[in-house]
Amino acid sequence: MILAALVLWLVAAESTLVLREAIFVPPGQIGEVGLPTEDLPAIVECSFRVGGDGPPVRLALFGPSTGEAVEDESEEVLRMTPYGRTGGFRHLVSAPGRYWLVVDNRSGSREAAHVYVLATAEAADTSRHQLPPEEKAFVVIVSLALFAVVAVWAGCRVREAFKRRNTGSQHPPFS
């Protein structure tokens, strides 16, 4: 039964390989590669690994843009990893346009980096709805308040029961 559920989960969450690239990035520079995004909306999962003893780098997702490359860093950065030798992220890509993965080798190292980048995409389920942050906070506060009321009520009932038990008086049930 568990195996059947696992197989169904794997089939339902089918990811498609959209990019597998080895990028050479000179020291103090960036390397970029276009990210194919035909089927939107999609959840794109990107990861990287620095080959050998290369320096730490970071991976960023830029877009959507209309240009053929990332002209400058004023373009919108959608996701970015911290500097490291491995890393990755997931991001929902829903707007049409060109997306770019940028490998940043400006961590201060004087070594070139050979970086292996992998990106997969899976169809996003847009039927699910997420609450805005303000509404999430409201739901959490109301839930905690309700929990506090129930906890105080239960504590009072337990305290009354202990008092009755210590005094020896009987209290009719369900009152």
Side-chain angles (χ1 to χ4, degrees), residues 1-20 35-50 56-65 73-104 107 115-175:
M1 183 69 173
I2 294 175
L3 182 61
L6 181 62
V7 168
L8 287 175
W9 176 73
L10 289 173
V11 169
E14 185 177 314
S15 293
T16 304
L17 180 67
V18 293
L19 179 73
R20 179 184 291 162
L35 183 64
T37 53
E38 285 85 24
D39 298 326
L40 297 177
I43 297 173
V44 176
E45 185 168 358
C46 303
S47 60
F48 73 92
R49 178 180 56 86
V50 177
V57 299
R58 64 182 173 182
L59 183 68
L61 176 64
F62 283 82
S65 70
E73 292 190 29
S74 65
E75 291 193 43
E76 184 177 3
V77 177
L78 302 175
R79 290 291 244 204
M80 185 179 297
T81 65
Y83 281 104
R85 296 184 35 74
T86 62
F89 53 77
R90 289 174 54 95
H91 186 77
L92 173 64
V93 174
S94 57
R98 284 288 282 189
Y99 290 84
W100 296 93
L101 285 175
V102 175
V103 179
D104 181 356
S107 65
V115 183
Y116 302 96
V117 178
L118 180 71
T120 60
E122 64 185 63
D125 182 10
T126 57
S127 64
R128 290 186 286 179
H129 174 71
Q130 283 199 348
L131 295 175
E134 301 84 23
E135 291 181 23
K136 285 181 184 178
F138 177 75
V139 169
V140 168
I141 290 170
V142 168
S143 298
L144 288 174
L146 182 60
F147 175 77
V149 167
V150 170
V152 167
W153 175 79
C156 290
R157 296 286 294 185
V158 168
R159 188 176 69 204
E160 288 175 15
F162 277 124
K163 282 183 184 178
R164 280 191 310 275
R165 187 171 146 211
N166 291 340
T167 60
S169 65
Q170 291 292 326
H171 189 55
F174 305 112
S175 62

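Side-chain atoms are counted along with the backbone in the values below, which use heavy atoms only and exclude waters and symmetry mates. Here the structure is a predicted model, which means the values were calculated and not measured.
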Visitor: Which heavy-atom pair separates P41 from L92 by the least distance, and what is that distance?
Guide: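 Looking at all heavy atoms of both residues, the closest pair is CB-CD1, 4.2 Å.
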
Visitor: For residues 142-156, which residue pairs pass the salt bridge (charged side-chain N to carboxylate O under 4.0 Å, His left out) check, not counting sequence neighbours?
Guide: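 As it turns out, there is no salt bridge (charged side-chain N to carboxylate O under 4.0 Å, His left out) pair with a partner in residues 142-156 once direct neighbours are skipped.
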
Visitor: If I take atom CZ from residue R58 and atom CZ from residue F48, how far apart are they, to the nearest 0.5 angstrom?
Guide: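 Answer for the CZ-CZ pair, R58 versus F48, is 10.5 Å.
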
Visitor: Do any N or O atoms from the side chain of S107 and from the backbone of P56 form a donor-acceptor pair under 3.5 angstrom?
Guide: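 Such a contact is found between S107 side chain and P56 backbone.
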
Visitor: Apply side chain to side chain contact (heavy atoms under 4.5 Å, CB included) to residues V44 and L61 and explain how you reach the verdict.
Guide: CA-CA 10 Å; V44 176; L61 176 64; 5.6 Å; no

Visitor: Output the distance between atom CZ (R20) and atom CG (L118), rounded to the nearest 0.5 Å.
Guide: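 Here the interatomic distance stands at 6.0 Å.
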
Visitor: Taking all atoms of both residues into account, what is the closest heavy-atom pair of V18 and A121, and its distance?
Guide: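 Of all heavy-atom pairs spanning V18 and A121, the closest is CG1-CB, 3.9 Å.
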
Visitor: Could you measure the distance from the CZ atom of R164 to the CD atom of E160? Nearest 0.5 Å is fine.
Guide: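 That separation rounds to 6.0 Å.
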
Visitor: What's the shortest heavy-atom distance between L59 and C46, and which atoms?
Guide: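 Minimum heavy-atom separation between L59 and C46: CD2-CB, 4.0 Å.
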
Visitor: With sequence neighbours excluded, tell me which residues meet salt bridge (charged side-chain N to carboxylate O under 4.0 Å, His left out) with R85.
Guide: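 By the salt bridge (charged side-chain N to carboxylate O under 4.0 Å, His left out) rule, R85 matches no residue at all.
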
Visitor: May I have the step-by-step check of side chain to side chain contact (heavy atoms under 4.5 Å, CB included) for E45 and I43, ending in yes or no?
Guide: CA-CA 7 Å; E45 185 168 358; I43 297 173; 5.8 Å; no

Visitor: Work out which heavy atom in S94 is nearest to a heavy atom in Y99; give both atom names and the distance.
Guide: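 It is N-OH, 4.3 Å.
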
Visitor: Return the minimal non-hydrogen interatomic distance between A119 and L17, and the atom names on each side.
Guide: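 Closest heavy-atom pair between A119 and L17: O-CD1, 3.6 Å.
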
